[in-house]
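First the proteins, then the strands, lettered A, B, ... as listed; each starts at 1. Just so you know, these numbers use all the heavy atoms, side chains as well, and skip hydrogens, waters and symmetry mates. Quantities reported herein were computed from a predicted structural model and do not represent experimental measurements.
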Amino acid sequence: MLLLLLLLTALSFSQEALTRVGLQSARVVLERGKEYYLKLTGGSKLTCADCHGPDGESLKGAYARMPRFYTDLGRVADADLRVLSCLRQYLRLEDERLKSRERELVVPLVGFVASLSNGELVFVELRHPEEKRLYELGRTVWYRRSGATDFSCALCHERLAGKQFFAEVLPAPIPDRAPARYPAYSVKRDELLTLEDKLRDCFERYLLYDPKKGRFSFESRVRKPPYYVEELIALELFLMHSVNGSTLSVPGVIK
Amino acid sequence: MRLLLLLILLLACQPKKPKEEYATFPQFLKRPQETVTPELFRRAFFLDDEAQKLCSSEALTEDILKRVKELSSNFPKLDGYLGDWRKGEQLALTPELYKRLYGKPGGSKKGLCYACHCADPRVDECGDVGPSLYRYAEKGVKPEELFKRIYNPWAFSPCSAMPRFGHHGLLTAEEVTHLVAYLLSPESPVNGGKP
């Protein structure tokens, strides 16, 4: 009994320690995001702050409504695509500068922008026809059995949620309101992951396919969908809409 | 309306004095470059596989399950269905699990059986998505039927969580026979044999 108690305290300590370390590292990334926000410029010589205010006043609450339709882009964007589009269209960051560092710039900025909505309630609406279309697409992708393993997101995260998969318990992200904690810091990988990163992760790990043959092959295994592809943004829209009303709390910390 | 607001904002955003190039980015790429186009991704994700499409339905009706069963009735004809249990073990165990059991390299990422099943009692990192396969030989399942169950589980349990290993080419027919032996052979640790 005493042993059990000791073990439990040790466990909760290490969990706490893990969270503390994760949070610290995440803050460093968010700080970097803020620096980019204030200082980064491209061809237009504008910074993000020039348009959205030095403390991001006009961006408070924005993340809580993403993904949504943006008139200037003519499509539904998640935070990643929204930030990238601002870097391209409004800061006019040169292509060759963006190419190799794209995620290095986008992820900290998404983290910073998301943190401006901390405490707000997720409120993703389906007003624009494109938002409705993507919600349906997201739902389709969520339930679609796919790849060589015949898995689907819903298979692992609804039908089998709570079951043991190797040494991991399959999480139930919707009831657990996990999307409201992204971007989250992965302690194991030592990097901040946006919701889009995390979804690409699950594709890589569990939904195998060969895009050339349209069928699985061990030799030419392509692991992840391209960034910003409509299906990913649709999944995010579906997930965020499913946790409407949850309090945003970022950065989260994951294993 | 939003467009108008944005235009006004943009006009208001007059360029200030030129800023210095911000130069603290890492010089190397952490992630490999994208090579998949959206079209290829789409083709690969929405496989043209009728059974898969049917099993994606949110409500799995009797009709769907019946049709999936019908679609899953193609099996290769072999001379024998009982392979080599040691080769089966290599397929069933991941490299990490193999190393832990035998202290040397081996195993493969092909079977992933322990993701969902427990079997060899020495392996404690095993899933409970599917039933335990410990002492499977006692169930009295014939080799040919077990071959089919692994080659295409949807023939018996349509839309099951278990991948259609043979159907997709994740495992060859021969490899499936080795797994059959791994589950049925009395020498296999799955059935209490001492390797």
Please determine whether the number of non-hydrogen atoms from other residues, nucleotides or ligands lying under 6.0 Å from atom [atom1] of [X] exceeds 12.
X	atom1	answer
E62(B)	CD	no
F123(A)	CZ	no
K60(A)	NZ	yes

Point to revise | Side chain S146(A), main chain F46(B), donor-acceptor under 3.5 Å | key: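 Flag not set: sc S146(A) to bb F46(B) has no pair under 3.5 Å.
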Practice item. Report the distance from atom OG1 of T140(A) to atom CD of E58(B), rounding to the nearest 0.5 Å. Key: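 Interatomic distance, T140(A) OG1 to E58(B) CD, rounded to 0.5 Å: 8.5 Å.
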Practice item. Look up atom CZ in F166(A) and atom SG in C116(B), then write down how far apart they are to the nearest 0.5 Å. Key: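 The SG atom of C116(B) is 8.0 Å from CZ of F166(A), to the nearest 0.5 Å.
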Need one label for [X]: side chain, backbone, both or neither, based on atoms under 4.5 Å from any heavy atom in chain A.
X	value
S160(B)	backbone
C55(B)	both
C118(B)	neither

**Study point:** Under 4.5 Å from a heavy atom of chain B, the part of V141(A) involved
**Key:**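 Both parts, heavy atoms under 4.5 Å.
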Quick check: do [X] and [Y] have side-chain heavy atoms less than 4.5 Å from each other?
X	Y	value
V229(A)	R42(B)	yes
E230(A)	F41(B)	no
F45(B)	P225(A)	no
R145(A)	C159(B)	yes

Review point. Hey, mind stepping through L60(B) and R159(A) against side chain to side chain contact (heavy atoms under 4.5 Å, CB included) and telling me if it holds?
Key: CA-CA 12 Å; L60(B) 296 173; R159(A) 203 161 119 189; 3.9 Å; yes
Point to revise | side chain to side chain contact (heavy atoms under 4.5 Å, CB included) assessment of D150(A) paired with Q52(B) | key: CA-CA 7 Å; D150(A) 294 317; Q52(B) 221 172 46; 2.7 Å; yes
Over all heavy atoms of both residues, which pair between [X] and [Y] is shortest? Give the atoms and the distance, please.
X	Y	result
K163(A)	D128(B)	CD-O, 3.4 Å
L160(A)	A161(B)	CD1-CB, 3.9 Å
A148(A)	P163(B)	O-CB, 4.3 Å

